[in-house]
Amino acid sequence: MFFYISLHQSLTSGLIIRDWSFINFFENDTYRNQPSYKLKTLELLKDLKPTVFAFIRDSIDVWISRGMPNTDTFFQKYLQYIQEIKTHELTYQFEFVWENWKLK
């Protein structure tokens, strides 16, 4: 998920923040956390009224890259993640953007 925050009204520049919000929906042995099932960064930045957009990766690709964990658990949690994003953001499928990107 990405957040764009304008730095000043008179400037055309801003700040882009890339968030790994996916982690808020899965247990993580590294950080020993219990998932919050919330888009935590979005909650923290909401007062700044950022423009928010998210790229949604193909769930099979994510499942493979995560080491092919238990399918029932993984896809249930990934669906929760997607549903939460769709309630807040304009979304794009990552593979669509990648395949249709044109360098000029």
Minimum heavy-atom distance Gln80-Tyr37, with the two atoms named: OE1-CE2, 3.5 Å
Where Asp72 and Asn70 come nearest, the two heavy atoms and their spacing: N-OD1, 3.0 Å
Arg66 to Tyr78 six-membered ring, cation-pi geometry met (6.0 Å, 45°): no
Candidate pair Phe74 and Phe26, rule ring-ring contact (aromatic ring centres under 6.0 Å, His included), full reasoning: CA-CA 8 Å; Phe74 175 82; Phe26 290 84; 5.4 Å; yes
Nearest-0.5 Å distance that lies between atom CD1 in Ile82 and atom OG in Ser59: 8.0 Å
Donor-acceptor contact present, side-chain Ser65 to main-chain Val62, <3.5 Å: yes
Min side-chain heavy-atom separation Pro35-Asn24 under 4.5 Å: no
Nearest-0.5 Å distance that lies between atom OG1 in Thr41 and atom CD1 in Ile23: 12.0 Å
Side chain to side chain contact (heavy atoms under 4.5 Å, CB included) evaluation trace for Phe25 with Ile85: CA-CA 11 Å; Phe25 292 81; Ile85 284 178; over 6 Å; no
Any Lys38 side-chain heavy atom under 4.5 Å of Glu84 side chain: no
Whether Trp63 side chain and Pro69 backbone form a donor-acceptor pair below 3.5 Å: yes
CG-OG1 distance between Leu39 and Thr87, expressed to the nearest 0.5 angstrom: 7.0 Å
